[in-house]
Each structure stands twice: as C-alpha cells, then as structure tokens.
Number of protein chains: 2
Amino acid sequence: MAAPRRRPRADARRNYERLLAEADAAFREQGTDASLEGIARRAGVAIGTLYGHFPNRRALVGALLRERNEALFEHGRHLLAGADPVRALTDWVHAVVEHAAAYQGLAALLAGGLDDQESELHASCVTMNEISDELIAAVRSAGALRQDVTGADVFTLMNAAAWTRERMPAEHADRLLRLAMDGMLEPGAVSG
Amino acid sequence: MAAPRRRPRADARRNYERLLAEADAAFREQGTDASLEGIARRAGVAIGTLYGHFPNRRALVGALLRERNEALFEHGRHLLAGADPVRALTDWVHAVVEHAAAYQGLAALLAGGLDDQESELHASCVTMNEISDELIAAVRSAGALRQDVTGADVFTLMNAAAWTRERMPAEHADRLLRLAMDGMLEPGAVSG
DNA sequence: ACCTGAACACCGTTCAAGT
DNA sequence: ACCTGAACACCGTTCAAGT
C-alpha cells in the first residue's frame with residue numbers, strides 16, 4: 001500500500017539540506033515572510049527546486065520545526081510525569097512561548113494551524129493542545145485551578161504571548177503570561 | 001510660522017476622500033496588507049496620487065482611524081468619570097479590542113506604534129496607554145487591584161486579544177481577556 | 001498644485017525542457 | 001528522478017513630465 005520509499009538521489013538530499021539551512025537563517029533574520037527566491041538563491045539552487053521539495057511556505061516551516069517539536073513534546077510529557085502540576089504547567093507555557101518565538105510570524109502560523117486541517121503545522125498544534133489539556137487536568141486534580149480552563153485556553157495564551165514577544169519588549173510578554181496565569185490558578189499556587 | 005493652509009483643490013480633495021473610502025473597504029476585506037495599487041485602481045487614480053496624499057501605508061491607516069480614535073478616547077474619558085472603576089476598565093478593554101480588530105493586521109501596527117516615534121499611530125497608542133493608566137489608578141484606589149499592574153499591561157493585553165480575534169474563533173479572545181482580567185482584579189470584583 | 005504612468009527592483013508560482 | 005530558469009501575473013516606490 002505504502003509507496004516504496006527509495007533513498008533519494010545524493011544531489012536531491014544535499015539540496016534539501018541546504019534549503020533547510022538557508023531557510024532557517026532567513027526566517028531567523030527576516031521572519032517567516034522572508035523571500036523564497038532569496039532562500040533558493042542563497043542555497044545555490046533554482047526556485048523550482050525549492051518548490052519541488054516544499055510545495056509551500058508552511059511546508060518549509062513545518063520541516064524546520066519537526067525535530068524541535070519532538071523535543072518540545074518530549075519535554076511536555078516529561079513534565080506531565082512530575083510531582084508539581086502547577087510548576088509543570090508554568091514550565092510548559094514558557095517552553096512553548098520560547099519555541100513559538102523562534103521566527104517572527106510563527107505564532108500566527110501556529111494560531112491558524114489548530115483549526116486548519118490543511119496546515120502542515122496542524123498535527124503539532126493538536127499535540128500542543130493535548131499536552132496542555134493533560135497538564136490542566138493535573139492542575140485541576142490538585143485543586144489549584146480557579147475556574148474552568150481548557151487546553152485551548154492555554155494554547156491561545158501561549159500564542160498570544162509569543163506574538164507579543166515578537167513585537168514588544170520581552171518583559172511585556174512575560175507580564176501578560178503572569179497576569180493570565182494568575183487568573184487561571186488559585187492564589188498561592190502561582191509559581192515562576 | 002505655520003505654513004499657510006490653503007483650501008485644497010477640489011479634485012485633490014475628491015481623490016483624497018475616494019482613496020480613504022477604497023482603502024477602508026480593502027483593509028476590511030483583505031487586512032492592512034492589501035495592495036496599495038489595487039486601492040488606487042479602485043479609487044480611479046494613478047498610484048502616484050495615492051503616494052502624494054499618503055507617504056506610506058501607516059499614514060493611510062492613521063488617517064482612517066483618526067475619527068474613530070477620537071470617539072474611542074472620548075468614550076474612555078467618559079468611563080473615567082463614572083462611578084464603577086472596575087466596570088469602566090472592563091468596558092474600556094472591550095471597546096479597544098473591538099476597535100483594534102477593525103482590520104486584520106491593525107493589532108500589529110498598534111503594538112509597534114507605542115515605542116516607535118516615527119509611526120503615524122504613535123500618538124494614539126500613547127493616549128490609549130494614558131487612559132489605561134488612569135483607569136488602572138482608579139481601580140487601585142478602589143482597592144480592587146490584585147497586584148501591580150500598569151497601563152502598559154492593559155495595552156499589551158488589548159493588543160494580544162485583538163490579534164487573537166483576528167486569527168482564532170472569537171470566543172478564544174474573550175476567554176483570554178477574562179483570564180487576564182481575573183488575574184488583575186480582586187476576586188469578586190470581576191465584572192462582564 | 002496636483003496628477004499621471006513609465007521605470008525600476010523586487011515577488012510567488014507554474015511548468016516545459018533538459019540531464 | 002530531479003533540476004533549471006523563463007514565463008506569467010503581481011507588487012511597492014520614485015520621479016520626470018504633463019496640466
């Protein structure tokens with residue numbers, strides 16, 4: 001059933017890697033709206049080669065995030081196994097905000113990716129939501145939740161904070177996080 | 001000292017108005033990144049005419065917002081004179097979020113405009129901040145503030161919520177607002 | 001005083017032709 | 001199987017020439 005996955009041609013593999021490397025550099029410098037033509041040029045390939053490997057911009061971003069996402073989710077599941085659910089949730093939120101602020105424009109892609117099945121980032125967004133949900137459930141079990149909060153609320157907050165970090169001084173995003181966490185948690189339970 | 005302000009030529013005034021009308025329509029439909037050439041085309045003028053009236057995109061947005069801003073600030077000062085500071089702050093936050101969600105992309109312009117003196121939106125951002133500060137001061141005097149919060153925190157929150165409204169279902173933004181307001185205010189004081 | 005539109009320098013995306 | 005780059009359709013911005 002599955003298409004026979006042959007090993008790619010050596011030049012194809014090299015182009016793929018060079019494109020990823022240049023895309024990462026360009027996105028870091030100029031955000032996720034950086035010119036695709038510029039990326040191809042810097043990678044030393046024709047623009048058609050870029051499109052051959054990545055049908056659209058999100059596919060490029062998705063490929064770049066793949067490994068980092070796995071590490072992030074691993075971290076989240078690790079936190080879930082810990083003893084202090086409030087601390088786990090706080091750590092998780094900060095880790096994801098850090099992650100989502102890697103490129104200017106990434107927060108917008110993530111925010112759009114949860115409800116858009118077509119998005120190459122959809123699966124990651126769903127997983128972020130699930131881990132957030134489980135962490136919230138743990139906090140609720142510990143009786144440290146002030147009100148009805150869902151993983152979706154946490155997802156929204158993380159993206160909003162990442163976006164804030166993209167365009168305002170860093171402490172603004174931190175203060176927004178603290179404010180919302182204070183609204184979420186029982187007084188006295190708040191950490192970090 | 002001031003340059004003698006003559007009344008503009010009739011055709012110039014008409015072009016100015018048509019450009020504003022078409023820009024408003026385009027920004028509503030496609031966000032603040034809508035094509036300026038398209039706006040000029042729809043207004044029936046050459047692209048150079050648009051640049052003659054508005055040196056850049058922000059100037060166009062700023063001109064469109066001018067009247068609406070005045071109404072918004074008037075509303076804010078009116079709230080300031082009211083009897084219930086918590087309700088006033090809540091109303092203010094909702095009004096600004098509504099305002100900032102007029103065009104997709106506007107929240108980003110506002111978030112960047114507070115610290116950028118060059119921005120045509122700078123003055124409005126400063127005023128928003130000031131009104132927020134005064135409302136916070138009133139809430140503090142009433143003893144309803146849970147912690148140290150500034151007008152800048154309110155400004156950040158309003159922009160983050162407006163951005164959320166641009167790219168996620170509306171209730172997500174509302175829940176983020178409620179969460180952060182709950183973190184700001186003493187339990188029991190929260191309204192709306 | 002204002003308007004026009006060509007000119008320049010860029011883009012995203014596709015696809016026939018090559019190897 | 002993959003790569004190339006011309007082709008198409010678009011864009012922001014400036015500025016000499018017109019009225």
Side-chain angles (χ1 to χ4, degrees), chain A residues 2-23 25-27 29-64 103-105 108-109 112 118-120, chain B residues 2-23 25-27 29-64 103-105 108-109 112 118-120:
Chain A
R5 274 194 149 278
R6 316 171 134 283
R7 64 151 29 162
R9 238 164 61 178
D11 59 340
R13 171 153 195 88
R14 198 173 51 237
N15 287 339
Y16 180 89
E17 299 296 349
R18 290 210 58 188
L19 281 166
L20 277 186
E22 294 300 339
F27 290 163
E29 289 165 22
Q30 308 160 43
T32 56
D33 285 334
S35 156
L36 298 181
E37 290 208 324
I39 291 170
R41 208 180 310 126
R42 284 167 65 168
V45 302
I47 181 63
T49 302
L50 186 152
Y51 277 91
H53 285 285
F54 308 101
N56 58 51
R57 179 173 241 107
R58 277 191 324 228
L60 198 43
V61 175
L64 278 170
Y103 312 129
Q104 183 163 62
L109 290 179
E118 307 301 295
S119 170
E120 284 78 3
Chain B
R5 276 193 149 280
R6 320 172 133 282
R7 61 149 36 154
R9 237 164 60 179
D11 59 340
R13 172 152 194 89
R14 197 173 52 237
N15 286 339
Y16 181 90
E17 299 297 348
R18 290 210 58 186
L19 281 166
L20 277 187
E22 294 300 339
F27 290 164
E29 289 165 22
Q30 309 160 42
T32 56
D33 285 333
S35 155
L36 297 183
E37 290 209 324
I39 291 169
R41 209 180 308 128
R42 285 168 64 168
V45 303
I47 181 63
T49 302
L50 186 152
Y51 277 91
H53 286 284
F54 309 100
N56 58 52
R57 178 173 243 108
R58 277 189 325 226
L60 197 43
V61 175
L64 278 170
Y103 312 130
Q104 183 162 65
L109 291 179
E118 307 301 297
S119 170
E120 283 77 4

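Numbered from 1 within each chain, the chains take letters A, B, ... in sequence-line order.
- The side chain to side chain contact (heavy atoms under 4.5 Å, CB included) test with A/Glu120 is passed by exactly one of A/Leu109, A/Leu60, A/Asn56: A/Asn56.
- For the pair B/Asp11 CG and C/dC2 P, the interatomic distance rounds to 8 Å; values are reported in whole Å.
- When each of C/dG12, C/dC2, D/dG12 is scored by its nearest atom to the side-chain atoms of B/Tyr51, the top-ranked nucleotide is D/dG12.
- Of the options B/Arg9, B/Arg13, B/Arg14, a side chain to side chain donor-acceptor pair (under 3.5 Å) to B/Asp11 is made by B/Arg9 and by none of the others.
- Side-chain contact between A/Leu20 and A/His53: absent, with no pair of heavy atoms (C-beta onward) separated by less than 4.5 Å.
- To the nearest whole angstrom, the two C1' atoms, one in D/dC11 and one in C/dC8, are 12 Å apart.
- The side chain of B/His53 places no N or O atom within less than 4.0 Å of a non-bridging phosphate oxygen (OP1 or OP2) of C/dC2.
- In this structure, CD of B/Gln30 is placed 13 Å from C1' of D/dC11, rounded to the nearest angstrom.
- Residue contacts for B/Asn56: at a heavy-atom cut-off of 4.0 Å it reaches no nucleic acid atom on any strand shown.
- In this entry the distance linking CD of B/Glu37 with C1' of D/dC10 reads 8 Å, nearest Å.
- The residue B/Gly52 sits apart from the nucleic acid: no heavy atom pair falls under 4.0 Å.
- Among all heavy-atom pairs drawn from B/Glu118 and B/Arg58, the shortest one is O-NH2, 3.6 Å.
- Between B/Ser35 and D/dC10, a side-chain N or O to OP1/OP2 separation shorter than 4.0 Å is absent.
- Atom CG of B/Asp33 is separated from atom C1' of C/dC11 by 14 Å (rounded to the nearest Å).
- Contact check, B/Asn15 against C/dC3: a side-chain N or O comes under 4.0 Å of OP1 or OP2.
- In terms of position along DNA chain C, the nucleotide closest to B/Leu50 lies nearer the 5' end than the nucleotide closest to the other residue of the pair B/Leu50 and A/Arg57.
- The distance between atom CG of B/Leu36 and atom C1' of C/dG5, rounded to the nearest whole Å, is 16 Å.
- Note on B/Arg13: nothing from the nucleic acid sits closer than 4.0 angstrom, heavy atoms only.
- Rounded to whole angstrom, the span from the CZ atom of A/Arg14 across to the P atom of D/dC3 amounts to 9 Å.
- Comparing C/dT4, C/dC2, D/dT4 by their nearest atom to the side chain of A/Thr49 picks out D/dT4.
- Within the 4.0 angstrom heavy-atom criterion, no nucleotide atom of any strand lies near B/Arg18.
- When the P atom of D/dT14 is taken as reference, atom CZ of B/Phe54 falls 16 Å away, rounded to whole Å.
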Please list, one pair per line, the donor and acceptor atoms closer than 3.5 Å that link side chains of residues 29-41 of chain A to other protein atoms, with sequence neighbours excluded.
residue : atom : partner  : partner atom : Å
A/Thr32 : OG1  : A/Gln104 : O            : 3.4
A/Ser35 : OG   : A/Glu37  : N            : 3.3
A/Ser35 : OG   : A/Gly38  : N            : 2.9

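- In this structure, CD1 of A/Ile47 is placed 15 Å from P of C/dC15, rounded to the nearest angstrom.
- Within the model, atoms CD of B/Glu22 and CZ of B/Arg42 stand 5.0 Å from one another, a figure rounded to the nearest 0.5 Å.
- Considering every non-hydrogen atom in both A/Ala63 and A/Tyr16, the closest pair reads CB-OH, 4.0 Å.
- For the strand DNA chain D, secondary-structure stems (runs of at least three Watson-Crick or G-U pairs, all distances below 3.5 Å) span C:4-8 with D:12-16, C:12-16 with D:4-8.
- Between B/Arg9 and D/dT19 there is no side-chain N or O to OP1 or OP2 distance below 4.0 Å.
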